[in-house]
Structure formats: structure tokens, C-alpha cells
Amino acid sequence: MAQPAIPVSRPLPVTIPVREILPWAIFAAVVGLILVYFVGAEQGATHLISGHIVHEFVHDGRHLLGFPCH
């Protein structure tokens, strides 16, 4: 039996390091929830910061994402 002149390379299996990604995924989820709160709920029926500074800062983003505010 003849050996091929060019060796055949096989792809290595792809492994996802879950222990390395999990803290970053949790961090991203928490930051995302905080952003959704400030865009969607702050200065509405429930608010943590008094005044209208946050509302005016995220006003266009609120309408872009479909949150009513008027």
C-alpha cells in the first residue's frame, strides 16, 4: 500500500472554556439588565434617581427601543 505524498491534516475539536466565559457572560447580563432598566423604567412609575436627567439622557433610545414615555 502506498503512502500519500501529502499528509492529511484533521481539524482539532473546538472546545469552549465555559469556566472562563461564564463570569463574563454573567457580567454582561447584569450590565444589560441595568441598561434596560435605565432606558425602560427610570423616571417612570418607579425610579431611583429623582429629577429628569436620566429620562432626558435616554429619551431617544427609549423611543428607538419601543418604550413609551409620554
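Note that this is a predicted model, so its numbers are computed, not measured.
The hydrophobic cluster containing Leu64, built from Ile/Leu/Val/Met/Phe/Trp/Tyr side-chain heavy atoms closer than 4.5 Å, comprises no other residue. Other residues sharing a hydrophobic cluster with Ile21 under the 4.5 Å side-chain heavy-atom criterion for ILVMFWY residues are Ile16. Clustering of Ile, Leu, Val, Met, Phe, Trp and Tyr side chains at separations under 4.5 Å places Val31 together with Trp24, Phe27, Leu35.
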